[in-house]
A.B. asks: 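Quick one: the structure is below, questions incoming.
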Amino acid sequence: MQITKFRAFMEGYVSFLEEMAAGEQEKYAAILSYDPKRMDKVVSRQQAMNMRLTQLEEQREKEQEEAGIAGLTFQQIQDRLEGAEKEGFESLARRFQKAVDEIKYFNERSMTFVQDGMKMLGMDKETPKAPYTHSGKAGGEGLQGSSLFEAKV
């Protein structure tokens, strides 16, 4: 079993998740600051991290398959191990869970804050439709095009 190689990969993956959790905390602080430049920077960073997360998840599946443990959970992997290997994976699983919990926590806090702010501004309803099409042509009287946020870029 190439469990050692898989564990080394997962160490890096978990470190990335911990970095991502710190980024979520930073995003929440940026939202609370009402500083548009800070928020732009944090959102750009988060987009890059999301792309990296997708790549890491694909790589995790590949590494897990190569190790002969495809489709198994952390617990199922730990159940197959013994001694120091098992203890190492238990520690890794705790770090993984903590990072994921922190990401969820700060993301939920950010979303709640933004949604509450939109409610206070009366913007909690559906995004109003723009009276023009994606190509920028005005629609007829009473006709509504799609919202700017629905445009395909």
Side-chain angles (χ1 to χ4, degrees), residues 1-121 123-130 134-136 146-153:
M1 208 186 298
Q2 294 181 326
I3 200 75
T4 306
K5 183 180 175 205
F6 176 69
R7 179 164 180 232
F9 169 78
M10 288 304 295
E11 287 283 345
Y13 191 175
V14 169
S15 293
F16 174 78
L17 288 175
E18 291 167 338
E19 182 183 336
M20 200 168 180
E24 283 294 324
Q25 186 174 3
E26 186 179 338
K27 178 180 79 176
Y28 180 61
I31 289 169
L32 293 177
S33 76
Y34 293 103
D35 180 352
K37 287 182 182 179
R38 183 177 177 192
M39 289 189 328
D40 281 346
K41 181 180 175 184
V42 169
V43 168
S44 293
R45 183 172 182 250
Q46 184 181 18
Q47 289 172 338
M49 291 186 96
N50 287 344
M51 288 189 285
R52 178 73 177 129
L53 179 61
T54 299
Q55 293 170 343
L56 283 172
E57 185 56 24
E58 290 171 2
Q59 184 66 29
R60 181 201 56 80
E61 289 175 355
K62 180 182 171 193
E63 295 285 340
Q64 202 166 332
E65 187 174 320
E66 288 176 5
I69 51 176
L72 298 181
T73 65
F74 260 118
Q75 186 60 52
Q76 291 168 327
I77 294 169
Q78 289 174 46
D79 291 344
R80 293 180 172 203
L81 302 174
E82 295 177 3
E85 264 187 353
K86 184 172 187 160
E87 288 176 25
F89 262 88
E90 288 171 348
S91 172
L92 197 57
R94 283 191 299 274
R95 286 177 52 210
F96 183 92
Q97 189 61 53
K98 182 179 182 222
V100 168
D101 289 345
E102 287 179 8
I103 290 168
K104 287 180 180 179
Y105 173 78
F106 284 108
N107 189 46
E108 287 172 6
R109 299 274 313 237
S110 296
M111 292 300 295
T112 299
F113 185 81
V114 169
Q115 288 168 347
D116 289 348
M118 290 178 74
K119 284 179 187 174
M120 286 178 19
L121 295 172
M123 297 176 63
D124 59 329
K125 310 291 184 268
E126 184 179 330
T127 306
K129 301 288 184 184
H134 290 302
S135 62
S146 63
S147 165
L148 173 65
F149 299 108
E150 294 173 358
K152 292 183 181 179
V153 180

A.B. asks: When you look at CD of Q55, are more than 12 heavy atoms from neighbouring residues, nucleotides or ligands closer to it than 6.0 Å?
C.D. replies: yes
A.B. asks: Does a salt bridge link E63 with R60, judged by any charged N lying under 4.0 Å from a carboxylate O?
C.D. replies: no
A.B. asks: So, are E85 and R80 salt-bridged, with charged N and O less than 4.0 Å apart?
C.D. replies: no
A.B. asks: Which heavy atom of A21 sits nearest to which heavy atom of A99, and what is that distance?
C.D. replies: CB-O, 3.8 Å
A.B. asks: Assess whether a salt bridge exists between K41 and E26, defined as any Lys/Arg side-chain N lying under 4.0 Å from an Asp/Glu carboxylate O.
C.D. replies: no
A.B. asks: Okay, side chain of S110, backbone of F106: is any donor-acceptor separation there less than 3.5 Å?
C.D. replies: yes
A.B. asks: Measure across R38 and S33 and return the closest heavy-atom pair with its distance rounded to 0.1 Å.
C.D. replies: NH1-CB, 3.5 Å
A.B. asks: What's the verdict on side-chain contact (heavy atoms from CB on, under 4.5 Å) for V42 and I31, showing C-alpha distance, side-chain angles and the deciding distance?
C.D. replies: CA-CA 9 Å; V42 169; I31 289 169; over 6 Å; no
A.B. asks: Under the side chain to side chain donor-acceptor pair (under 3.5 Å) criterion, do D101 and Q97 qualify, and how do the steps go?
C.D. replies: CA-CA 6 Å; D101 289 345; Q97 189 61 53; 2.8 Å; yes
A.B. asks: Can we say E24 and K27 salt-bridge, meaning some charged N sits less than 4.0 Å from an Asp/Glu carboxylate O?
C.D. replies: yes
A.B. asks: Quick test of your reading of the model: are K62 and E58 salt-bridged, counting only N-O distances below 4.0 Å?
C.D. replies: no
A.B. asks: If only atom types and distance count, is the side chain of Q78 paired as donor or acceptor with the main-chain N or O of K86 below 3.5 Å?
C.D. replies: no
